[in-house]
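Below, chains carry the letters A, B, ... as their sequence lines are ordered, and counting in each starts from 1. Since the structure is predicted, the reported quantities are computational estimates derived from the model, not experimental observations.
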Amino acid sequence: MTDFAPPHPAGDAPVAYDPAAIERKWQARWQAEGTNSPDLANGANPFYALMMFPYPSAEGLHVGNLFAFTGNDIHGRFQRLQGHTVFQPFGFDAFGIHSENYAIKVGIHPGELIPRNIDTFRRQVQRAGLMVDWRHELSTTDPSYYKWTQWIFLQLYKQGLAYKKAAAVNWCPFDKTVLANEQVIGGACERCGTMVEQRFLEQWFFRITDYAGRLLANLDGLDWSDSTKTAQRNWIGRSEGAEIIFVVQDVMEFAGSATASAGRSGEVAVTALEVRVFTTRADTIFGATYLVLSPEHPLVESITSDEQREEVKQYVAKAAKQDLVSRKTTKEKSGVFTGAYATNPATGEPIPIWIADYVLMEYGTGAIMAVPGHDERDHEFARAYDLPIVRVIAGEEHSTDTPIGDAAFTETDGCRLVNSGRFNELSVSEGMIAITTELAAHHAAILVVNYRLHDWCISRQRYWGPPIPIVYCDNCGVVPVPEDQLPVLLPAIEDFRPDDSGVSPLARHAEWYHTTCPTCDGPARRETDVSDTFLDSAWYFLRYPSSDRDDVPFDDALTKKWLPVHSYIGGNEHAVLHLLYSRFVTMVLHDAGFIDFEEPFTRFRAHGMIVREGAKMSKSRGNVVNPDDYITEWGADAFRTYLMFLGPYEEGGDFQDRGISGVKRFLDRLWRSVQDARTEGDLEPEVQRKLHQTIKKVGEDIPRLGYNTAIAAMMEYMNTMRSGERKPHVDEVRPLVQMVSPFA
RNA sequence: GCGAGAGUGGCGAAACUGGCAGACGCACCAGACUUAGGAUCUGGCGCCGCAAGGCUUAGGGGUUCGAGUCCCCUCUCUCGCACCA
């Protein structure tokens with residue numbers, strides 16, 4: 001940009017526009033001069049332009065990747081023109097089940113496959129002309145990277161935020177292996193078609209739920225796409241409600257086996273079993289005609305009557321075998337009566353206790369009070385098992401005795417309580433407060449906040465990931481690997497496939513698996529699970545500026561200078577998990593005193609998706625755009641500019657094969673304008689006016705990612721400047737070249 | 001089912017806080033130049049109509065001097081979550 005060609009002396013032959021030659025020339029120059037490698041320690045006015053690093057698939061760079069990267073690159077180039085020192089790093093999210101499955105399919109070790117894929121990606125990204133600082137390239141599979149991923153695990157462990165518990169996984173009894181949810185299709189294993197079962201394995205979790213409130217509250221202050229913030233809010237899913245205590249009747253019969261929740265300290269003896277339920281509709285308690293426990297609920301054993309025991313046992317066993325996916329998606333209600341009754345604390349009436357798999361152990365207390373009159377699921381269940389349905393909420397049009405029809409009545413606005421004793425005629429919200437207060441006064445309820453967010457399971461019974469840095473010693477128990485012994489290297493084993501042993505392939509590698517205890521030097525075994533890919537990507541932005549440092553995960557001074565990230569652009573497919581986990585890890589590191597900010601991304605924008613001729617691109621359709629082909633035919637500049645022109649960046653667009661010609665024509669005309677511009681001189685008033693309008697528009701559009709309209713504005717200016725057979729002046733063309741430069 | 005977003009020419013799309021709907025581009029039509037080319041340049045191009053004129057932003061209603069834009073209802077599509085009590 002700095003050596004804009006001077007006007008040709010009259011008579012010079014015009015030079016033809018040859019994108020391949022020009023792009024090669026400038027890319028070589030950038031590399032030789034380090035144009036895109038800023039001085040991180042001293043650069044003034046830092047601007048960290050981050051894009052989501054890709055998973056290096058074997059197919060090479062997808063046009064969707066390039067769309068995302070180019071949008072970020074343009075934003076970065078614009079900031080550079082505005083006087084910022086711009087840092088735009090690049091890396092590879094190369095661990096994970098995706099790579100591993102592909103490696104298994106083609107029969108090549110991922111350790112061999114991944115570097116090849118990375119080379120292809122790097123070449124393609126370079127060819128697209130991105131202003132990447134390659135000195136800071138990283139890959140999550142590099143021991144110098146995952147050493148620090150393991151370090152992060154240890155920090156969470158130290159804070160008490162990493163813990164182990166048994167959790168269900170999908171298990172294929174034929175392949176004898178753990179399956180990810182996406183490998184279960186319609187309840188069956190995607191490879192062999194065998195019906196998948198649930199199995200319980202000890203797995204590592206991060207206590208992200210401890211941070212639920214903060215993760216939610218902080219969203220208000222972030223400059224992020226609204227759609228992304230909304231998705232996060234819904235995912236965290238805060239709901240306020242009450243836990244209500246129902247006392248199980250006739251417990252003396254069962255008291256012998258009771259290990260139950262009663263026995264508040266100071267009381268003489270356990271005299272009753274209690275079931276705690278969570279509800280957001282305490283106002284409907286007079287309509288609670290039965291209780292439902294999840295099949296996994298700890299009280300199931302103790303409350304079941306002898307007559308019902310066999311039936312309950314069978315139901316629980318069936319539920320335990322069912323795979324996770326269909327358990328959560330089947331809508332047909334099923335359940336079984338326990339033979340036990342509890343007292344509804346509002347009515348004093350006995351109500352039956354059932355077990356049903358539509359109640360999930362992971363949410364709330366794993367037990368509900370069923371209000372079939374006013375909850376659709378309870379209604380369905382009550383009709384299936386012929387349980388009483390009572391109206392306790394009435395709208396304007398209802399009388400106290402209007403029967404509930406074919407569906408539950410779930411409205412609340414303008415409704416009043418009925419059949420609810422002295423709470424009758426209160427509005428729903430008044431009733432909720434009055435009833436909860438009354439129950440609380442009798443120690444029968446407490447106010448609680450629940451989140452649907454679950455703790456983050458980071459264990460993977462797989463090979464291709466960073467080993468979890470934990471050792472099990474017979475004397476010392478669970479021992480974290482000392483930080484100075486990191487990384488725990490992933491051994492290069494030949495047979496990395498999951499097999500019928502039921503544990504990670506690493507368990508088969510005896511010399512790795514057997515180790516000595518770091519504390520007592522006695523014999524010990526290594527944790528054989530590796531960690532989730534999302535942990536790799538939850539902190540990579542912290543690593544980039546310091547990627548050349550081996551002694552620290554991230555340098556203090558550089559981190560202070562460059563973070564939090566000024567601009568992050570990525571796809572909304574990561575709106576929930578990746579961004580939430582990154583925020584969580586950042587908060588934990590903040591609380592542990594490693595960094596002085598708790599939100600990693602000041603500004604986040606989600607880009608849209610590219611379709612082709614109106615249809616989604618997919619390998620099976622055979623309509624995937626290969627960037628290399630287009631760059632060869634049209635040049636990277638035309639391709640980039642076209643990608644940015646085909647629709648609003650945050651919404652995506654339709655890639656039409658013929659469309660690129662319009663953008664190419666624009667660049668051809670720009671090239672010719674430079675060749676034609678031989679005289680300096682005053683701008684024609686009409687051209688000058690248009691120029692200033694264009695500068696204003698482009699300058700406003702680029703920062704808000706309005707790339708398509710910025711390009712349209714520059715095209716308009718071109719039309720004005722060259723209208724008729726007019727040959728523009730140097731001073732008319734020069735500013736246009738500058739405006740185009742972030743794009744091409 | 002719940003949540004988010006979107007419906008504008010033959011196509012991709014513009015229209016900032018309500019103010020000339022269709023910028024810019026593709027495709028198409030006509031013309032100029034011509035070493036006949038998938039080059040360049042000029043003009044045309046929402047729909048109906050020879051025209052005058054009328055109609056037009058998924059459909060219906062409303063607010064307003066004025067609505068693609070705001071409000072209500074209906075329909076369609078895309079994406080995300082899916083028994084979260």
Side-chain angles (χ1 to χ4, degrees), chain A residues 16 181 225-239 241-244 277-282 284 288 291-292 294 325-334 356-372 374-381 407-408 410 450-454 571-577 606 608-614 616 641-642 645-648 650-666 668-669 672 696-697 700-701 704 706 708-719 722-726:
Chain A
N181 277 347
S225 297
D226 283 334
S227 60
T228 312
K229 289 209 258 187
T230 307
Q232 294 228 339
R233 286 194 187 100
N234 292 341
W235 189 264
I236 295 168
R238 179 190 154 95
S239 59
E243 272 182 28
I244 300 179
V277 305
F278 174 72
T279 181
T280 54
R281 294 293 307 278
T284 62
L291 296 185
V292 188
S294 158
V325 178
S326 47
R327 160 84 185 264
K328 291 199 173 188
T329 50
T330 321
K331 295 287 183 195
E332 294 82 58
K333 299 282 177 290
S334 72
D357 64 4
Y358 81 93
V359 175
L360 308 175
M361 195 59 220
E362 315 91 84
Y363 186 76
T365 60
I368 60 155
M369 63 175 207
V371 184
H374 307 286
D375 180 279
E376 283 169 28
R377 299 150 301 182
D378 298 342
H379 187 90
E380 247 179 84
F381 190 80
T410 54
N450 257 310
Y451 296 95
R452 51 171 289 172
L453 181 68
H454 295 349
N572 238 342
E573 70 275 12
H574 291 302
V576 177
L577 297 182
M609 279 222 323
I610 304 275
V611 298
R612 186 179 195 179
E613 307 289 348
K616 212 174 193 162
T641 309
Y642 178 53
F645 183 62
L646 49 73
E650 291 178 80
E651 285 164 38
D654 191 1
F655 191 100
Q656 301 187 327
D657 295 357
R658 290 174 310 215
I660 192 170
S661 61
V663 168
K664 178 60 162 46
R665 234 189 304 270
F666 169 69
D668 282 338
R669 296 176 86 196
R672 260 183 279 123
K696 179 165 190 289
K697 171 111 179 106
E700 286 168 356
D701 280 355
R704 60 166 195 87
N708 56 333
T709 50
I711 294 166
M714 291 188 283
M715 287 173 165
E716 275 188 67
Y717 175 63
M718 175 76 78
N719 291 341
R722 291 184 67 89
S723 120
E725 301 274 347
R726 192 174 176 279

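Cation-pi geometry between A/Lys333 and A/Tyr358 is met: the NZ or CZ atom falls under 6.0 Å from the ring centre, inside 45° of the normal.
As judged by a 4.0 angstrom heavy-atom cut-off over every strand, A/Asn719 is placed among residues touching the sugar-phosphate backbone only. At a threshold of 4.0 angstrom between heavy atoms, the contacts of A/Val359 include nucleobase atoms, whether or not backbone atoms are also involved.
Comparing atom distances between the A/Lys333 side chain and each of B/G25, B/A85, B/C83 picks out B/C83 as nearest. With distances taken from any side-chain atom of A/Arg669 to the nucleotides B/A85, B/C41, B/C24, the minimum falls on B/C41. Of the candidates B/A85, B/G3, B/U40, B/G3 carries the atom nearest the A/Thr230 side chain, counting heavy atoms from C-beta on. Proximity note for A/Tyr358 (side chain, C-beta onward) versus B/C83, B/C79, B/A4: the nearest is B/C83. Each of B/U40, B/G25, B/G3 was ranked by its minimum atom distance to the side chain of A/Met715; first place goes to B/G25.
A/Glu650 is linked by a salt bridge (charged side-chain N to carboxylate O under 4.0 Å, His left out) to nothing, counting only residues two or more places apart in sequence or in another chain. With sequence neighbours excluded, no residue satisfies ring-ring contact (aromatic ring centres under 6.0 Å, His included) with A/Phe645.
Note on A/Arg233: every side-chain N or O is 4.0 Å or more away from OP1 and OP2 of B/A4. At the phosphate of B/A82, neither OP1 nor OP2 sits under 4.0 Å from any side-chain N or O atom of A/Arg452. Put simply, A/Lys616 has a side-chain N or O that comes within less than 4.0 Å of OP1 or OP2 on B/C79. The shortest distance between the side-chain N/O atoms of A/Arg672 and the OP1/OP2 oxygens of B/A39 is not below 4.0 Å.
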| request: Classify every nucleotide of nucleotides 69-77 of chain B by which part a protein heavy atom approaches to under 4.0 Å, writing B for the base, S for the sugar-phosphate alone and - for neither, in 5'-to-3' order. | output: ---------
| message | One character per nucleotide, please: for nucleotides 9-14 of chain B, 5' to 3', B when the base has a protein heavy atom closer than 4.0 Å, S when only the sugar-phosphate does, - otherwise. | response | --BBSS
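Of the C1' atoms belonging to B/C48 and B/C70, the separation is 31 Å, rounded to the nearest Å. Between B/U35 and B/G43, the two P atoms lie 24 Å apart (nearest whole Å). B/G22 and B/U57: their C1' atoms are spaced 9 Å apart (whole Å). Taking the C1' atom of each, B/U8 and B/A13 are spaced 9 Å apart, rounded to whole Å. Rounded to whole Å, the P atom of B/G9 lies 14 Å from the corresponding atom of B/G68. Rounded to whole Å, the separation between the P atoms of B/C55 and B/G38 comes to 45 Å. For B/A14 and B/C2, the P atoms lie 30 Å apart once the distance is rounded to whole Å. Taking atom C1' on both nucleotides, B/A4 is separated from B/C11 by 27 Å, rounded to a whole Å.
A salt bridge is defined here as a Lys NZ or Arg NE, NH1 or NH2 lying under 4.0 Å from an Asp or Glu carboxylate O, and A/Arg704 with A/Glu700 fails to meet this definition. No salt bridge links A/Arg672 with A/Asp668; every basic N to acidic carboxylate O contact stays at or beyond 4.0 Å.
In this structure, A/Glu362 atom CD and B/A85 atom P are separated by 13 Å, rounded to whole Å. Remark: P of B/C83 and CZ of A/Phe381 are 16 Å apart, rounded to the nearest angstrom.
Position along RNA chain B of the nearest nucleotide to A/Ile368 versus A/Ala712 favours A/Ala712 as the more 5'-ward residue. Sequence order on RNA chain B of the closest nucleotides to A/Ala367 and A/Ser723 puts A/Ser723 first from the 5' end.
Residue-environment remark: CD (A/Glu376) stays at or below the threshold of 12 foreign heavy atoms within 6.0 Å.
Looking at A/Ser225, its side chain does come within 3.5 Å of a backbone N or O of A/Ala606 through a donor-acceptor pair. Of the possible polar contacts, none joining the A/Ser723 side chain to the A/Asn719 backbone as a donor-acceptor pair under 3.5 Å is found. In this structure, A/Asp378 contributes its side chain and A/Val371 its backbone to a donor-acceptor pair below 3.5 Å.
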Below 3.5 Å, can you tabulate the donor-acceptor pairs from side chains in residues 653-663 of chain A to any protein atom, sequence neighbours excluded?
unit_1, atom_1, unit_2, atom_2, d
A/Asp654, OD1, A/Glu613, N, 2.7
A/Asp654, OD1, A/Gly614, N, 2.8
A/Asp654, OD2, A/Gly614, N, 3.1
A/Asp657, OD1, A/Arg612, NE, 3.2
A/Asp657, OD1, A/Arg612, NH2, 3.2
A/Asp657, OD1, A/Tyr630, OH, 3.4
A/Asp657, OD2, A/Arg612, NH2, 3.1
A/Ser661, OG, A/Arg658, O, 2.8

| remark: Pairs under 3.5 Å (Watson-Crick or G-U), crossing ones as [ ], inter-strand ones as |: RNA chain B comes out as (((((((..(((......[....))).(((((.......))))).(((....)))..(((((..]....))))))))))))....
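Under the 90° criterion around 0 for the glycosidic angle, B/G53 counts as anti.
Between atom NE2 of residue A/His374 and atom OG1 of residue A/Thr284 there is a gap of 7.0 Å, rounded to the nearest 0.5 Å.
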